[in-house]
Amino acid sequence: YKVVHVTIEMTARKALTRFYSRVSGVPYSAMKSPQKQSFDDEGNIVWHPVMTDEYFHQLDSSIKMLRDKKVVYYILTFDKGICVADIEEELRRLPFKPDVLTIDHLPDMKPDPSYRSSGGSRSWDSLGQVSWEMSQLARNWDDQNGLIIWTANQVKADYEYAERLTVEA
């Protein structure tokens, strides 16, 4: 698959580190801080490796597997307040058509500037409109297959390591 991950909450580097951590099984903390420090009895700094040889092997194997399967994982970063049209514009500039779009996270988005609230709760009303605009993007993306869109707040922690997710799960 060709996956584009939109992050509004974090840097591309942090998002990529999290992705590789999930794919490889290497703890995020080890990748984030490959060494930790402590002090010896004389007050000197002593560095201890956290990113072990085994972790490096796991990470390397996972990256090779992704390459062999021709998985594309592309990260787009945006500031809070973006709208669906901003994402669509960037997607159309890419040299490939994504199959899956992940967004982290939907509540940080705003509806199209031309949208006028129906007078209900502003946050719920806005979130509903953003969701509607996302569904339109998904349907109209490609004449044949559309675009799968997955938002971060759709996944419960209970299912994080599930082998297979279904609507019932």
Side-chain angles (χ1 to χ4, degrees), residues 1-34 51 59 62-67 69-162 165-167 169:
Y1 289 101
K2 296 178 187 104
V3 178
V4 172
H5 177 74
V6 170
T7 178
I8 304 168
E9 298 181 316
M10 66 183 77
T11 65
R13 181 179 182 161
K14 187 173 182 181
L16 186 61
T17 303
R18 282 189 175 184
F19 171 74
Y20 282 137
S21 171
R22 298 290 176 152
V23 169
S24 68
V26 174
Y28 175 75
S29 58
M31 293 178 69
K32 181 179 160 193
S33 302
M51 191 69 180
L59 184 57
S62 297
I63 291 170
K64 286 178 182 170
M65 179 269 304
L66 292 170
R67 267 194 209 120
K69 291 187 174 191
K70 297 183 182 353
V71 172
V72 173
Y73 185 76
Y74 192 89
I75 300 170
L76 293 173
T77 59
F78 290 94
D79 293 327
K80 284 185 176 185
I82 64 157
C83 63
V84 173
D86 298 326
I87 294 172
E88 182 175 6
E89 184 179 329
E90 289 302 313
L91 290 176
R92 298 219 182 267
R93 290 182 184 164
L94 296 175
F96 62 91
K97 271 196 161 189
D99 302 304
V100 179
L101 173 66
T102 62
I103 300 174
D104 188 15
H105 97 285
L106 202 65
D108 288 334
M109 296 178 64
K110 293 203 186 292
D112 185 276
S114 65
Y115 173 70
R116 297 289 174 244
S117 173
S118 62
S121 166
R122 184 162 170 79
S123 62
W124 277 107
D125 195 41
S126 293
L127 190 58
Q129 181 61 27
V130 169
S131 297
W132 173 254
E133 292 169 16
M134 293 297 259
S135 72
Q136 295 307 299
L137 172 62
R139 287 187 190 123
N140 299 327
W141 178 248
D142 179 325
D143 291 337
Q144 298 170 348
N145 302 318
L147 178 64
I148 297 168
I149 299 177
W150 188 277
T151 63
N153 54 341
Q154 291 174 323
V155 179
K156 291 184 178 182
D158 299 352
Y159 306 118
E160 183 174 1
Y161 296 104
L165 293 178
T166 65
V167 174

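Reckoned from all heavy atoms, side chains included, excluding hydrogens, waters and symmetry mates. Note that the numbering runs from 1 along the sequence shown for the chain.
Sorted by first and then second residue, the side chain to side chain donor-acceptor pair (under 3.5 Å) pairs involving residues 2-17 (not counting sequence neighbours) are H5-T102, E9-H105. Counting only residues at least two apart or in different chains, side chain to side chain donor-acceptor pair (under 3.5 Å) contacts with residues 132-141 comprise Q129-E133.
Interatomic distance, M109 CE to I82 CD1, rounded to the nearest 0.5 Å: 4.5 Å. From I149, atom CD1 reaches atom CE of M134 across 4.5 Å, with rounding to the nearest 0.5 Å. Between K97 atom NZ and R92 atom CZ the span is 6.5 Å, to the nearest 0.5 Å. From S62, atom OG reaches atom CZ of R67 across 11.5 Å, with rounding to the nearest 0.5 Å. Taken from CD1 in I103 to CD1 in I8, the straight-line distance is 7.0 Å, to the nearest 0.5 Å.
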(request) Begin from the C-alpha positions of Y73 and L66 and carry the test side-chain contact (heavy atoms from CB on, under 4.5 Å) through to its verdict. (result) CA-CA 9 Å; Y73 185 76; L66 292 170; over 6 Å; no

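In this structure the side chain of W150 never reaches within 4.5 angstrom of the side chain of V3, judged on heavy atoms. Side chains of E90 and V4 form no contact here, defined as non-hydrogen atoms less than 4.5 Å apart. Within the 4.5 Å cutoff, the side chain of D104 has heavy atoms near those of the M10 side chain. Contact of the L106 side chain with the L127 side chain is registered, since non-hydrogen atoms from C-beta on lie closer than 4.5 Å.
Crowding of K32 atom NZ: a count of heavy atoms from other residues, nucleotides or ligands under 6.0 Å not exceeding 12. Heavy atoms from other residues, nucleotides or ligands lying under 6.0 Å from OH of Y28 number more than 12. For F78, the CZ atom is densely surrounded, since the number of other residues' heavy atoms within 6.0 Å is greater than 12.
Of the residues I75, T77, I87, the one that meets the side-chain contact (heavy atoms from CB on, under 4.5 Å) test with V6 is I87.
Residues P27 and S21 come closest through the heavy atom pair C-OG, 3.7 Å.
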